[in-house]
Amino acid sequence: MDKHYYITTPIYYPSAKPHMGHAYSSIITDVFARFKKIDGFKVYFLTGTDEHGLKIQRASEENNMNPSDFCDKISKTFKDLCKTLNLSNSDFIRTTEDRHKKSVQHLWTELEKSGDIYLSKYSGWYSVSDEAFYNDNEIETKDNYKVSKVSGSKVEWVEEESFFFRLSKWQDKLLEYYEKNPQFILPESRKNEVVSFVKSGLKDLSVSRKSFSWGIKVPSDKDHVIYVWLDALTNYISALKYPDISNDLYKKFWPADVHIIGKDILRFHAVYWPAFLLAAKIPVPKRIYGHGWILSGEEKMSKSKGNILDPIDIIDNYGLDPLRYYLIKEVSFGNDGTISKDKLEDCINSDLANNYGNFCQRVTAFAEKNCNSKIPSKINFTEVDNKILNKFSENLTNLRNYINNQKLNSYVDFIVGSLFDANKYFNDEEPWAKKNDIERLNTIIYTSLELIRKISIMLYPIIPDSSLKSLKIFDINEKDITFDSIKDNNFLKANNKISKTDILFKKILK
RNA sequence: GGCGGGGUAGCUCAGUUGGUUAGAGCGCGGGACUCAUAAGCCCGAGGUCAGUGGUUCGAUCCCACUUCCCGCUACCA
């Protein structure tokens with residue numbers, strides 16, 4: 001039976017152009033998706049855009065466009081980003097699509113039927129200029145006016161009719177679910193935050209708005225549109241054709257294996273989403289991973305600080321794979337990380353150019369001169385050769401576990417360690433000094449070529465383009481890659497041609 | 001304020017269920033080699049493991065207190 005794997009990025013809110021945070025979430029997700037693909041899984045990788053809400057409605061008005069055309073335009077920039085980042089996504093969902101609307105409205109109706117939605121009033125201190133509600137403890141009285149303590153702007157008491165979701169009802173069930181599924185929320189530190197939040201008591205959630213119209217209408221009351229989370233989160237199942245739960249996509253891929261998200265939206269994914277699903281009697285996803293943020297130097301990137309590193313700029317200047325590699329290798333996954341041109345350049349030079357790229361180069365160049373550009377025959381592995389080659393089969397399970405548990409850094413550490421070993425092996429065995437011992441020379445070359453093959457396969461999920469370039473040496477194409485084959489020490493067939501490879505990563509002169 | 005996490009080499013981080021000389025990568029200094037993108041390999045310098053006190057034969061790791069940093073504390077996403 002086929003093995004299935006469903007992984008998602010957040011759907012992005014396109015009120016601004018794509019930034020490093022979007023790129024990071026997407027690249028991370030792509031790494032997992034690609035790994036699973038070469039490990040024999042049928043993978044469904046979903047990304048998309050969340051296009052409803054007041055901000056979008058306003059932004060479209062400001063641009064003198066109708067919201068629908070406006071969304072088409074901005075959603076496209078995110079779709080383009082998928083190509084720019086070389087994502088292997090299976091689908092791109094937009095919340096303005098009919099398939100999504102149908103899905104959301106059906107889910108709403110289910111929640112209504114189960115008694116989890118009721119009509120009431122949403123009220124609070126509202127600041128028009130801040131577009132935000134404030135609690136009693138967030139306002140103060142100044143010159144006979146109520147103002148926000150934070151912004152100082154005037155607030156007024158607003159009441160609005162709204163539908164509510166009985167989130168409070170699900171508090172215990174959620175805690176029970178976290179208890180029974182200790183790996184549901186990762187990383188562990190963030191799980192604690194969610195649990196303590198839920199334990200502190202859940203209030204019912206306002207899930208509709210009458211104050212604007214750009215959204216999916218509440219089926220039973222056309223004056224209301226369905227508010228953000230109930231709309232947005234549903235994308236994860238609407239892409240699988242929910243409510244048609246007998247179709248293949250849904251049957252095979254739901255519940256999702258992991259939703260990759262940023263830590264800023266963890267609560268919505270780890271609390272609201274499972275609560276909606278529990279209420280609608282839909283299985284809950286297996287895992288929510290809330291990753292950290294990419295900071296620039298010490299600070300969060302912001303326009304005012306002028307320290308924004310635009311992913312597109314970086315890709316234009318350094319290439320895509322260096323950025324992908326950097327984000328995976330240099331950021332401690334789960335924690336916040338930093339990026340700077342300086343660190344990126346160091347990483348490119350030491351890891352990609354000197355270590356990986358140069359190893360491919362020195363081995364293939366040597367093989368060209370000494371083996372007539374053919375995979376050598378007459379090989380006889382010694383203990384040294386077997387030791388370095390067997391490390392991969394010995395770690396096959398570990399590597400799979402790393403990916404299954406989102407231990408990205410452990411996965412990369414193994415690769416980097418293998419590269420050090422490979423360079424050391426080549427150095428220590430001195431093939432250039434073995435020209436009168438052809439069998440030994442051939443064996444060293446063969447072993448080294450196998451190392452290139454194995455390491456390149458492991459790198460494929462992270463830097464797919466470069467990995468494929470490298471595997472071209474052996475005429476291995478994308479569709480032929482299997483992760484499992486890194487356990488094979490005799491994969492390369494004698495006398496097959498070794499294709500010359502270009503320099504994979506140019507060193508950056510500093 | 002409450003709850004939680006953290007302060008380990010110049011930088012980024014790992015680690016110790018408490019036990020002889022505390023680890024990696026990068027950066028830095030030196031060496032031998034030459035197949036390679038002057039890459040790679042070897043050796044080395046550099047840390048009172050935030051501070052104070054306690055438990056213990058012994059603490060960087062356990063406990064208490066101090067100090068600094070960060071996160072969460074609901075309807076922008």
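The shown structure was predicted, so the numbers you read here are calculated from the model rather than taken from an experiment. Each chain gets a letter, A, B and so on, in the order the sequences are listed, and its residues count up from 1.
Counting non-hydrogen atoms under 4.0 angstrom, A/K424 reaches the backbone sugars and phosphates but no base. A/D50 comes within contact range of the sugar-phosphate backbone alone, with a heavy-atom separation under 4.0 Å but no base atom that close. Contacts of A/F426 with the nucleic acid, taken as non-hydrogen atoms under 4.0 Å apart, include base atoms. In this structure, A/F359 reaches neither bases nor backbone, as no heavy-atom distance under 4.0 Å exists between it and the strands shown. A/V228 comes within 4.0 angstrom of sugar-phosphate atoms only, judged by non-hydrogen atoms across all strands, and of no base. Backbone-only engagement by A/K369 is indicated by non-hydrogen atom pairs under 4.0 Å involving sugar-phosphate atoms exclusively. Base engagement by A/S206 is indicated by at least one non-hydrogen atom pair under 4.0 Å involving a base atom. Using a 4.0 Å heavy-atom criterion, one finds that A/L266 contacts no nucleic acid atom at all. Using a 4.0 Å heavy-atom cutoff across all strands shown, A/G201 reaches at least one base atom of the nucleic acid.
In a base pair of the Watson-Crick type (N1 to N3 plus N6-O4 or O6-N4) or a G-U wobble (N1-O2 and O6-N3), with each distance short of 3.5 Å, B/G1 is matched with B/U73. When Watson-Crick and G-U wobble pairs are counted only if both distances are under 3.5 Å, B/U60 pairs with no nucleotide at all. Searching all strands for a Watson-Crick or G-U wobble partner of B/G47 with both distances below 3.5 Å returns nothing. Searching all strands for a Watson-Crick or G-U wobble partner of B/C41 with both distances below 3.5 Å returns B/G31. Applying the Watson-Crick and G-U wobble criteria (two distances, each under 3.5 Å), B/C11 pairs with B/G25.
Using C1' as the reference atom, B/G29 and B/U67 are 37 Å apart when rounded to the nearest Å. A gap of 33 Å separates the P atoms of B/A14 and B/U56, to the nearest Å. Nucleotides B/G10 and B/G27 are separated by 8 Å at their C1' atoms, to the nearest Å. Annotation: B/A77 and B/A64 have their C1' atoms spaced 42 Å apart (nearest Å). B/U20 and B/C61 have their P atoms separated by 14 Å, given to the nearest Å. The gap from the C1' atom of B/C63 to that of B/G2 amounts to 23 Å, rounded to the nearest Å. Separating the C1' atom of B/C62 from that of B/C70 is a span of 24 Å, rounded to the nearest Å. B/A59 and B/G53: their C1' atoms are spaced 13 Å apart (whole Å).
In this structure, the nucleotide among B/C75, B/U37, B/C41 sitting nearest to the side chain of A/R209 is B/C75. Each of B/A77, B/A36, B/G40 was ranked by its minimum atom distance to the side chain of A/A365; first place goes to B/A36. With B/C75, B/G40, B/U37 as the choices, the nucleotide that has an atom nearest any side-chain atom of A/Y227 turns out to be B/C75. Nearest to the side chain of A/N335, among B/G25, B/C35, B/A14, sits B/A14. Checking B/C41, B/C72, B/A74 against the side-chain heavy atoms of A/E193 singles out B/C72 as nearest. The nucleotide whose nearest atom lies closest to any side-chain atom of A/N427 is, among B/U37, B/A77, B/G40, B/G40. Comparing B/C13, B/C26, B/A36 by their closest approach to the side chain of A/S332 singles out B/C13. The side chain of A/D428 sits closest to B/C41 out of B/G71, B/C35, B/C41. Each of B/U37, B/A77, B/C33 was ranked by its minimum atom distance to the side chain of A/K507; first place goes to B/U37.
Rounded to whole Å, the distance from CZ on A/F333 to P on B/U12 is 21 Å. Taking atom CD of residue A/Q361 and atom C1' of nucleotide B/C35, one finds them 11 Å apart after rounding to whole Å. Distance CD (A/E330) to P (B/U12): 12 Å, rounded to an integer number of Å. For A/N355 and B/G25, the CG to P distance is 11 Å, given to the nearest whole Å. Residue A/H291 contributes atom NE2, which lies 17 Å from atom P of B/G71 at whole-angstrom precision. Spacing between atom CH2 of A/W273 and atom C1' of B/A77 amounts to 17 Å, rounded to whole angstrom units. With rounding to whole Å, A/F420 atom CZ is found 9 Å from B/A24 atom C1'. Between the CG atom of A/L352 and the P atom of B/G40 there is a distance of 13 Å, rounded to whole Å.
Enclosure of atom NZ in A/K407 is not indicated, since only 12 or fewer non-hydrogen atoms of other residues, nucleotides or ligands lie within 6.0 angstrom. At most 12 non-hydrogen atoms from other residues, nucleotides or ligands lie less than 6.0 angstrom from NZ of A/K469. For A/E159, the CD atom sits in a packed shell: over 12 heavy atoms of surrounding residues, nucleotides or ligands are nearer than 6.0 Å.
For A/N358 against B/A36, a side-chain-to-base donor-acceptor contact under 3.5 Å is present.
Ring planes of A/F184 and A/Y178: parallel class, angle under 30° (limits at 30 and 60°). A/F366 and A/W432 have perpendicular rings, their planes meeting at more than 60° on a 0 to 90° scale where under 30° would count as parallel.
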Verify side chain to side chain contact (heavy atoms under 4.5 Å, CB included) between A/W170 and A/L202, making sure each step is shown before the conclusion.
-> CA-CA 8 Å; A/W170 296 97; A/L202 294 176; 5.8 Å; no
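Using a 4.5 Å cut-off on side-chain heavy atoms (C-beta onward), A/F426 and A/L451 make no contact. In this structure, A/I260 and A/T9 have side chains that are not in contact, with every pair of non-hydrogen atoms separated by 4.5 Å or more.
The six-membered or imidazole ring of A/F163 lies near that of A/H224, with a centre-to-centre distance under 6.0 Å.
Closest-nucleotide positions on RNA chain B for A/Y356 and A/F268 were compared, and the one nearer the 5' end corresponds to A/Y356.
Centre separation under 5.5 Å together with a plane angle under 30° holds for the ring of A/W432 and the six-membered base ring of B/C35, marking them as stacked.
Between B/C26 and A/Y326, no contact under 4.0 Å exists linking OP1 or OP2 to a side-chain N or O.
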